[in-house]
Amino acid sequence: MTEPVWGPVHDDIVGLLADHPADVPAVVDHLTKLQDLLVRLPPLEASCPLADFNKLYLTITSTVLDGLYDDRFADPAFLARLDVEFAARYFDALRFWTESSPNTPKAWSCLFQRMRGPDARPLPSAAAGVNAHINFDLPFAVVTTLESLESEPVDDSDQHHDYLEINKIFAERIPELRRGYLDHWQLMIDMVNGDIDDWYQGELVEYTRNVAWRNAQKIWRCRHDPEAHECERTRLDDNAALLGRLLLSPLGAFLQ
């Protein structure tokens with residue numbers, strides 16, 4: 001008999017993924033509950049590669065929620081809707097994987113396949129999840145968000161500035177998040193490097209999210225052309241999967 005995908009917490013995760021959260025507080029609640037379940041996965045409880053990404057995602061989303069409460073954004077309706085659409089794509093990928101569906105994006109499959117891998121290290125696992133979510137999910141989430149708001153991806157708009165504000169949230173949270181994934185010897189190297197690692201990883205996130213915005217603009221222009229839209233989906237999925245496999249390889253782990 002085949003063991004369920006999620007082992008002893010399979011039924012709980014299936015129940016959690018049965019519906020999409022409708023607002024940002026519900027997204028935070030879903031991510032929190034998912035984290036509690038992922039760290040109970042055998043054989044290496046509390047060290048599941050997906051939990052390493054989910055923890056980062058939960059931290060960033062919680063900070064976005066704080067920003068919404070503190071009037072940090074010029075167009076909070078856009079930012080809140082984007083957060084919900086963005087999370088929906090992550091939860092859908094998890095649901096597809098749970099169902100062994102061929103619709104599981106390749107960008108996510110490369111991380112999901114390492115779920116029980118004893119050689120999966122925390123920082124590369126988190127980075128692989130960020131790669132799949134930003135390089136593949138984010139452009140499509142931007143498009144569906146703007147469609148629902150009857151707007152479009154225009155540079156220098158309030159919505160674009162709010163989108164870029166998330167880069168600042170990453171920059172604020174990256175140092176503590178990254179150090180939380182490091183072993184003792186890596187922390188020693190990190191102390192020697194000073195702020196260099198934090199700086200370049202912040203720059204990398206900013207660059208990646210800028211590319212995602214440009215890809216959203218490409219998708220926007222072909223959104224009514226199913227063939228062209230599918231070509232973009234395949235291109236982004238293939239590229240993100242290639243980078244994900246590199247991040248999870250021994251070379252990727254060494255570089256991080």
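Throughout, residue positions are numbered sequentially from 1 according to the sequence presented.
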Grab the two heavy atoms, one from [X] and one from [Y], that are nearest each other, plus how far apart they are.
X    : Y    : value
A51  : V39  : CB-CG1, 4.2 Å
A212 : I134 : CB-O, 3.7 Å
A128 : L111 : CB-CD1, 4.5 Å
W220 : S151 : CH2-O, 2.8 Å

Can you tell me if [X] and [Y] form a side-chain donor-acceptor pair at under 3.5 Å?
X    : Y    : answer
D11  : W6   : no
H161 : D75  : no
R173 : T63  : yes
N167 : E206 : no

Check whether any side-chain heavy atom of [X] sits under 4.5 Å from a side-chain heavy atom of [Y], and report yes or no.
X    : Y    : value
Y69  : P25  : yes
D71  : P76  : no
L246 : L242 : no
Q217 : D155 : yes
R245 : Q113 : no
R209 : F170 : yes
H160 : V154 : no
V84  : P21  : no

Do [X] and [Y] sit in the same hydrophobic cluster, where Ile, Leu, Val, Met, Phe, Trp and Tyr count as joined when their side-chain heavy atoms come under 4.5 Å apart?
X    : Y    : value
V28  : L56  : yes
V14  : L16  : no
W213 : L164 : yes
F73  : L149 : yes
L50  : V5   : yes

| request: Please lay out, stage by stage, how D36 and V9 fare under the test side chain to side chain contact (heavy atoms under 4.5 Å, CB included). | output: CA-CA 10 Å; D36 291 341; V9 297; over 6 Å; no

| query | Would you call the rings of F53 and H133 parallel, tilted or perpendicular, where under 30° means parallel and over 60° means perpendicular? | reply | perpendicular

| request: Kindly assign one of parallel, tilted or perpendicular to the pair Y90 and W108, based on the angle between their ring planes and the thresholds 30° and 60°. | output: tilted

Looking at [atom1] of [X] and [atom2] of [Y], how far apart are the two atoms once the value is rounded to the nearest 0.5 Å?
X    : Y    : atom1 : atom2 : result
Y163 : L79  : OH    : CG    : 11.0 Å
K55  : L31  : NZ    : CG    : 14.0 Å
C222 : E232 : SG    : CD    : 5.5 Å
T59  : Q35  : OG1   : CD    : 8.5 Å
L82  : I166 : CG    : CD1   : 7.5 Å
D29  : L34  : CG    : CG    : 11.0 Å

| Does the cation-pi check pass for R233 over F140, that is, NZ or CZ under 6.0 Å from the six-membered ring centre and within 45° of its axis? | no

Any side-chain to backbone donor/acceptor pair from [X] onto [Y]? Under 3.5 Å, distance only.
X    : Y    : answer
D162 : A74  : yes
N135 : A240 : no
R114 : L248 : yes

| note | With T144 as partner, the option from R89, R223, E85 fulfilling side-chain hydrogen bond (donor to acceptor under 3.5 Å, both in side chains) is E85

| query | Charged N to carboxylate O below 4.0 Å: is that the case for R95 and D92? | reply | yes

| request: Given salt bridge (Lys or Arg N to Asp or Glu O under 4.0 Å), test E172 with R72 step by step and report yes or no. | output: CA-CA 14 Å; E172 293 165 7; R72 180 169 182 166; 2.8 Å; yes

| query | Are F91 and H20 an aromatic pair by the rule of ring centers under 6.0 Å? | reply | no

| Going through the checks in order, is the side chain to side chain contact (heavy atoms under 4.5 Å, CB included) test met by K168 and E165? | CA-CA 5 Å; K168 297 179 183 178; E165 187 69 18; 3.4 Å; yes

| said: Walk me through whether T145 and Q159 qualify under side chain to side chain contact (heavy atoms under 4.5 Å, CB included). | reply: CA-CA 11 Å; T145 296; Q159 293 165 337; over 6 Å; no

| request: Please test E230 against R235 for side chain to side chain contact (heavy atoms under 4.5 Å, CB included), starting from the C-alpha separation and ending with a verdict. | output: CA-CA 8 Å; E230 178 60 20; R235 178 181 70 86; over 6 Å; no

